[in-house]
Enquirer: 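Below is the structure I would like to discuss, written out as structure tokens.
The figures that follow rest on heavy atoms only: side chains count, while hydrogens, waters and symmetry mates do not. Chain letters run A, B, ... following the sequence lines, proteins first and then strands; every chain starts at 1. None of the values given here were measured: they were computed from a predicted structure.
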Amino acid sequence: MSGPAQRYVYTALDQLKAGTVANVFGVVSFFKLPYRSKGTDFCSVITIVDQSNVKLKCTFFSGNQDGLPSIYKIGDIVRFHRIKIQKFNNEFQGISSSGFSALVFEGTVGAPLIPRTSSKSYSFTAEDQKTVETLRNCQLGLQGFSSSRRNLSDVQPGQYFDLLCQLIGKAEIDKSSYLLKVWDGTKFGSLPWKVYVEDEALEVDRDSISRLQNFTIDVLVYDNHVELAKSIKIGSYIVIQNIHAKLHGTANENQEHDTYVEFHLHGGTGFGRGISVPPEDDSDVKELQKILDAVDIKQNQPLDPDVITSDIQLSQMSPPFDALERCQQLSVTVLPAHQQWQVTPLACITKNKAPQKFRVRARLKHVQPHHLYQSVKLHCSKCNSLLDAPDEESLNKMFEDRFTDGSNTPNAFWYQSAVWNTGNLDNRTVVIHFVKKYDILQSPEDSLIMVEGGSFKELSKLSIHFNTIIPVKSKEQRLEIDLSAPFLIQGNKWLYGCIKCSNIKSSEELQSLSLEVGWDAVEIAKVLGVELLTHLFVMNFTLEDETGSLNAYLWRHSEQFFQIPPSEILMNSDLQERLHMIMSALCPSTKQISEYPWMDCCIRSYNSGHGSKEQICYEIFDTLLSERDLNRFS
DNA sequence: TTAGGCTTTG
């Protein structure tokens, strides 16, 4: 069959029927690299998923390896033509049928749309292009796949992981095992093992092996992987799938220096075990090349190589020094939602258009503002305005402006009032209105009180005893809410309303509150027509890694990041102390930056401003401090 | 024909 008129029909994975031959698109959620079957052919097993969230397991055979799809990474996008659909174990299964052909695209949004294929001629329409782009964009939302690709610095003992790395040395160990020495520009956090080999057995680039000795790991590959391992040229970029970081010895804390981690690629093809050599124009390979070129070996050298030259000396090192070095490999933050994302060097981020999302691993070189009170802001989610949160001095002034002699205070049936003369020379009074529930007064800890004329200090004291305080002013025989000061106080939370967006109603509306539940700030704001302002920390972090630096804001996700409520910190010295402790651990001004802790952060880029003033900004999100890891630095 | 992911471990 030939000719330009050929049109292909693609079937969604939830529409497949047994006994048919179909054409499909999908995202790779699992794959076995091509391997020699027990018959005459090479074989590859690939599972794909599409927007219908239905998976299809496929088994393909081909007389030569090139006839099988060139997949290097979970998330790659595939287009298969002429696969036979049949039932096996009560599931649909795709098998290569006569004329089978495949196109494979990188799954990364924005990567070039160049298909990997062995077909001499193939169709690729604008519609196909759209399908690939759609699958790229939606793959994070699809269920049922996660990549286990890691950087060495993120690997935990015991894990199985995939590693994109550069081969810098190799050696035959015996018939069924072969040694690969590799690095990926990051340092493994625990003590890696070194496999003993005679000098003359090791094929290696002598310069790089000594220069990179603290970055390389030894991986032993077994059985079916030996043949391929032998054939790979030194300097190649390779992916080793399903390496086992096997903990040797006991994980006893007191004997930490007795344990080390071995790296094995076990025999067989289970769990996608295998080694691949992606093409040099692969985006991940290009990125790795950049990282490896940029790594500052000197700065990252953990130990003086003249002092520590062999593994024997390493193991004799005193535990505290060893432990300190390990701490510096740890990240003091965690990314609960995006652990599978790969790290992007800071230098690469600024080359991308916005909006995009990245994971970075960097140190906090500098923070603005320097003082805590300057970083607490009030944000209106409706008009997006950002105001400084008033400090104690401003609060004093705000409430002083509302002092009263108590002569005009109105009475009403739904509250009971008490007048308190402060006894000060200014003949000032504080009037407290106790709001009734079902016509009954509540105990102080359950009470909502409206207060006229109190000072900041007096309101602070009242806030210890009463559940909720609403500062009010009397005007024309009514109690009024005024947004020039906090409109509601609950313990350490002093809440404000947006003057622009609120549509203030009479305090009498408080009677319409549901009395079944407690005094909910959001409910109260609603009945009073107040558009609540949210407290935020707004900070500008200057992050730095081996490739460059980047300014990123921390604001909308700041409470999640610090796990400290910004709405309470200005009134709570314990919280202030805690934030201070965190900032000195993240950015300890007394130390060299190489001693600062690493932080893994999710960063999103976005366009800000208009017209010629438009610029790309960066924001930290979905990232939180790990108290346990942070404590090692403080 | 072959393999049919998968709860691995030198």
Enquirer: Under a 4.0 Å N-O cut-off, is there an ion pair linking R361(A) with D545(A)?
Expert: no
Enquirer: Under a 4.0 Å heavy-atom cut-off, which of residues 12-22 of chain A touch DNA chain B?
Expert: none
Enquirer: F61(A) on top of dT2(B)'s base, within under 5.5 Å and under 30°?
Expert: yes
Enquirer: Going by atom type alone, with no hydrogens or angles, which donor-acceptor pairs under 3.5 Å involve a side-chain atom of residues 236-246 of chain A and a protein atom two or more places apart or on another chain?
Expert:
{"unit_1": "S236(A)", "atom_1": "OG", "unit_2": "K233(A)", "atom_2": "O", "d": "2.6"}
{"unit_1": "Q241(A)", "atom_1": "NE2", "unit_2": "G272(A)", "atom_2": "O", "d": "2.8"}
{"unit_1": "H244(A)", "atom_1": "ND1", "unit_2": "H266(A)", "atom_2": "NE2", "d": "3.0"}

Enquirer: Tell me, please, which residues at least two apart from Y72(A) pass ring-ring contact (aromatic ring centres under 6.0 Å, His included).
Expert: none
Enquirer: Determine if Y160(A) stacks with dT8(B); use a centre-to-centre distance below 5.5 Å and an interplanar angle below 30° as the criteria.
Expert: yes
Enquirer: Could you tell me whether the side-chain ring of Y222(A) sits stacked on the base of dG10(B), using a centroid cut-off under 5.5 Å and a plane angle under 30°?
Expert: yes
Enquirer: Go through N151(A) and S153(A) one step at a time and tell me if the side-chain hydrogen bond (donor to acceptor under 3.5 Å, both in side chains) criterion holds.
Expert: CA-CA 5 Å; N151(A) 284 116; S153(A) 55; 5.4 Å; no
Enquirer: Provide the closest heavy-atom pair for C602(A) versus D622(A) in the form atom of the first, atom of the second, distance.
Expert: SG-O, 4.0 Å
Enquirer: Report yes if a side-chain nitrogen or oxygen of K246(A) is closer than 4.0 Å to either non-bridging phosphate oxygen (OP1 or OP2) of dG10(B); otherwise report no.
Expert: yes
Enquirer: Not counting sequence neighbours, which residues clear ring-ring contact (aromatic ring centres under 6.0 Å, His included) with F124(A)? List them please.
Expert: F105(A)
Enquirer: Taking atom types as they are modelled, is there a donor-acceptor pair under 3.5 Å from the base of dG5(B) to the side chain of T47(A)?
Expert: yes
Enquirer: Check every strand shown and say whether K57(A) touches a base, only sugar-phosphate, or nothing at a heavy-atom separation below 4.0 Å.
Expert: base
Enquirer: Please tell me if K87(A) has a side-chain N or O lying less than 4.0 Å from either OP1 or OP2 of dG4(B).
Expert: no
Enquirer: What's the closest nucleotide to the side chain of Q86(A) if the choices are dG10(B), dG4(B), dT2(B)?
Expert: dG4(B)
Enquirer: Contact list please: residues 168-175 of chain A against DNA chain B, heavy atoms, distance less than 4.0 Å, in numerical order.
Expert: none
Enquirer: Is it true that K73(A) and E106(A) make a salt bridge, defined as a side-chain N closer than 4.0 Å to a carboxylate O?
Expert: no
Enquirer: According to salt bridge (charged side-chain N to carboxylate O under 4.0 Å, His left out), who are the partners of K170(A), at least two apart in sequence or on a separate chain?
Expert: none
